[in-house]
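I have a structure I would like to understand better, so I am pasting it below and will then ask my questions one at a time.
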There are 2 protein chains.
Amino acid sequence: MPSLPTTSQRLTDRKRSAIIEAAIDEFRVAGYETTSMDRIAARAEVSKRTVYNHFPSKEVLFAEILHHLWEAIAGGEELAYRADRPLRDQLLELIAQKFRLLNDDAFVSLARVAIAAGIHSPERALDMVARMSEREEGLTVWIRAAAADGRLKTSDPVFASHQLQGLIKSFAFWPQITLAQPPLDTAAQKQVAESAVDMFLAYYAV
Amino acid sequence: MPSLPTTSQRLTDRKRSAIIEAAIDEFRVAGYETTSMDRIAARAEVSKRTVYNHFPSKEVLFAEILHHLWEAIAGGEELAYRADRPLRDQLLELIAQKFRLLNDDAFVSLARVAIAAGIHSPERALDMVARMSEREEGLTVWIRAAAADGRLKTSDPVFASHQLQGLIKSFAFWPQITLAQPPLDTAAQKQVAESAVDMFLAYYAV
DNA sequence: CATAAACTACACTACGCAGTGTAGATATTT
DNA sequence: AAATATCTACACTGCGTAGTGTAGTTTATG
């Protein structure tokens, strides 16, 4: 008669989860190269053989981690352009959505691991970036719509979107990725978001 | 009677240079972990023992590389604020100076190697970032002076400087570092610089 | 030319890591 | 309770790597 607590199902599933969790922790602090399967096994409190029973190789385990983190990322709901609302409010909402992503632990882990692993093998990173870009397309679509509606004066929505995101990421993404800085607190997020939006609109609003 | 060409001095100096050059190439494409001393020796066409006669360990060699690249970076001349000239022209000059750095091969190599190596050991990266920040202080100083002169309305020059740099780096730095993208061509540089400066001034100019 | 310094080839140690094989213990299912 | 799936400990292979020791060759210098 197994105890059968609600959080855990079959033993093999718990083991698998423990391995994935341990692998995320190890890969995220040590990178791909310097993380060893023995360390992952030890951290997961699992036999090394069990790791290999679940994942045939380090490569496969790593890919699984990336996939797992990607799935865990909070999905955005694609805010659509509204002609009847102020641009500022809509942009602030879009930015707030972006911050939810940037504050997501799974996202930061993924980005760190992916960038660290891919910085010297662009082909590996490229697929990641492609999918990240999809996620960033929402803002571009919004800007294009606002421009088509005659409320923004830009002929290059992709460029403009990239600019606005640069204003955010340089505070709330790159320092966290490259220097393991903590995420911005609420006040800082507010300042960064409002200042970015106001600067953006000061230049692009008709 | 040695040939004594002008480019090379004593044999030992040439060997040393060859090692450093080979090490830069290897570290830059493969990162710290995956680069081996044997490969460096082979690429430098030098005995492995010679490498160790010059550098006692891989760590020391790596530090030497970082130092070497740092020295090779084109030095900026610290453009000072001028009350008698348009803000836009001065800012464009500051940005142009920044682009000279961003287009510097030694700088990109250094940044790639340092970020790749330091992404999971912040203490190592911190000293780098500290020195990079010094190099970025010129812009902050300029903004502070312009604000003191009453021509910019900001109470936080560091923040504003960071914003302007975010507008540049998100096009001309991070893609090159993380995705090994080629540097921006002249036209793109012009667009990025002018658009950034105009947006910045649209918001901060009094 | 003789002496010292630097370079080379090569063998070697020590170590960590990816991955495998096996025999027995533990858990799950029927 | 029996049969089956899974986990564990552990020993082991094979490989790449950091770093050293040595004996002999090449290069510089007085």
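Lettering follows sequence order; numbering is per chain, from 1.
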Notebook entry, point to check: Quick one: B:Asn53 CG to D:dT26 P, roughly how many Å, whole number?
Noted result: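 After rounding, the reported distance stands at 18 Å.
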Check: Any idea which of D:dA28, D:dG19, C:dT28 is nearest the B:Ser57 side chain?
Finding: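 Of all the options, the side chain of B:Ser57 is nearest to D:dG19.
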Note to self: Mind checking if A:Thr12 touches a base, just sugar-phosphate, or nothing, with heavy atoms under 4.0 Å?
What the structure shows: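 Contact class for A:Thr12: sugar-phosphate only.
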Next item on the list: Could you check how far CZ of A:Phe27 sits from P of C:dC17, rounded to whole Å?
Entry: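 Distance, rounded to whole Å: 13 Å.
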Item checked: Protein-nucleotide distance (A:Lys48, atom NZ; C:dA18, atom P), rounded to Å ->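 About 7 Å, once rounded to whole Å.
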Check: Backbone N or O of A:Ala30 within a donor-acceptor pair of the A:Thr35 side chain at under 3.5 Å?
Finding: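 Here the side-chain-to-backbone pair does not exist.
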Next item on the list: Tell me, yes or no, whether the heavy-atom count around A:Lys190 atom NZ, taken from other residues, nucleotides or ligands under 6.0 Å, exceeds 12.
Entry: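 Open.
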Next item on the list: Quick one: label B:Ser36 by what it contacts on the DNA or RNA (base, sugar-phosphate, nothing), any heavy atom closer than 4.0 Å.
Entry: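 B:Ser36: backbone/sugar contact only, no base atoms under 4.0 Å.
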Checklist line | A:Asp13 CG to D:dA5 P, straight-line distance once rounded to whole Å | finding: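 So the CG-P distance, A:Asp13 to D:dA5, works out to 16 Å.
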Note to self: Is the terminal nitrogen or CZ of A:Lys58 (NZ for Lys, CZ for Arg) located under 6.0 angstrom from the six-membered ring centre of A:Phe27 and within 45° of that ring's axis?
What the structure shows: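 No, a cation-pi geometry is absent between A:Lys58 and A:Phe27.
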Next item on the list: Kindly point out which of D:dA28, D:dA18, C:dC7 is positioned nearest to the side chain of B:Arg10?
Entry: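 The nucleotide sitting nearest to the side chain is D:dA28.
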Next item on the list: Side chain of B:Met37 only, please: which of D:dA18, D:dT27, C:dG19 is the nearest?
Entry: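 Shortest atom-to-atom distance from the side chain points to D:dA18.
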Notebook entry, point to check: Under 4.0 Å between a side-chain N or O of B:Thr50 and OP1 or OP2 of C:dT8?
Noted result: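 Checking B:Thr50 against C:dT8: at least one side-chain N or O falls below 4.0 Å of OP1 or OP2.
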Next item on the list: Please report, rounded to the nearest Å, how far the P atom of D:dT20 is from the CZ atom of B:Phe55.
Entry: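 One finds 15 Å between P of D:dT20 and CZ of B:Phe55, rounded.
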Check: How is B:Lys15 classified with respect to the nucleic acid when contacts are heavy atoms under 4.0 Å: base, sugar-phosphate, or nothing?
Finding: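 Since only primed, P, OP1 and OP2 atoms lie under 4.0 Å of B:Lys15, the category is sugar-phosphate.
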Item checked: Under-4.0 Å salt bridge between B:Asp89 and B:Arg82 ->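 Salt bridge: no.
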Item checked: Interatomic distance, B:Leu61 CG vs D:dT17 P [rounded to whole Å] ->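 So the CG-P distance, B:Leu61 to D:dT17, works out to 15 Å.
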Margin query: Return whichever of A:Leu11 or B:Arg49 has its heavy-atom-nearest nucleotide of DNA chain C closer to the 5' end.
Written below: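 Nearest-nucleotide comparison on DNA chain C picks B:Arg49.
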Check: For the pair made of CD in A:Glu33 and P in D:dG16, what is the distance, rounded to whole Å?
Finding: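 The answer, rounded to whole Å, is 15 Å.
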Next item on the list: To the nearest Å, give me how far apart CD (A:Glu59) and C1' (C:dC17) are.
Entry: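 Between C1' of C:dC17 and CD of A:Glu59: 15 Å.
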Note to self: From the set D:dC7, D:dA18, C:dC7, return the single nucleotide nearest to any side-chain atom of B:Asp38.
What the structure shows: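 For B:Asp38, the side-chain atoms sit closest to D:dA18.
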Check: If you find the nucleotide of DNA chain D closest to A:Val46 and the one closest to B:Tyr52, which residue's nucleotide is nearer the 5' end?
Finding: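 Its nearest nucleotide being more 5', the pick is A:Val46.
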Note to self: I want to check one thing: is the phosphate of C:dA6, taken as OP1 and OP2, less than 4.0 Å away from some side-chain N or O of B:His54?
What the structure shows: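 No, B:His54 has no side-chain N/O under 4.0 Å of OP1/OP2 on C:dA6.
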Check: Touch check for B:Thr34, heavy atoms < 4.0 angstrom, all strands: base, sugar-phosphate only, or nothing?
Finding: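 The residue B:Thr34 makes no contact with any strand.
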Margin query: Just verifying a value: how many Å separate B:Trp174 CH2 and A:Ser170 OG, rounded to the nearest 0.5 Å?
Written below: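 B:Trp174 atom CH2 to A:Ser170 atom OG measures 9.5 Å (nearest 0.5 Å).
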Check: Less than 4.5 Å apart, any side-chain heavy atom of A:Tyr204 and any of A:Leu164?
Finding: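 A:Tyr204 vs A:Leu164: side chains apart.
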Margin query: For a quick check, tell me whether the side chain of B:Lys58 and the base of D:dG19 share a donor-acceptor pair closer than 3.5 Å.
Written below: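 When only heavy-atom distances are counted, B:Lys58 does not reach the base of D:dG19 through any donor-acceptor pair under 3.5 Å.
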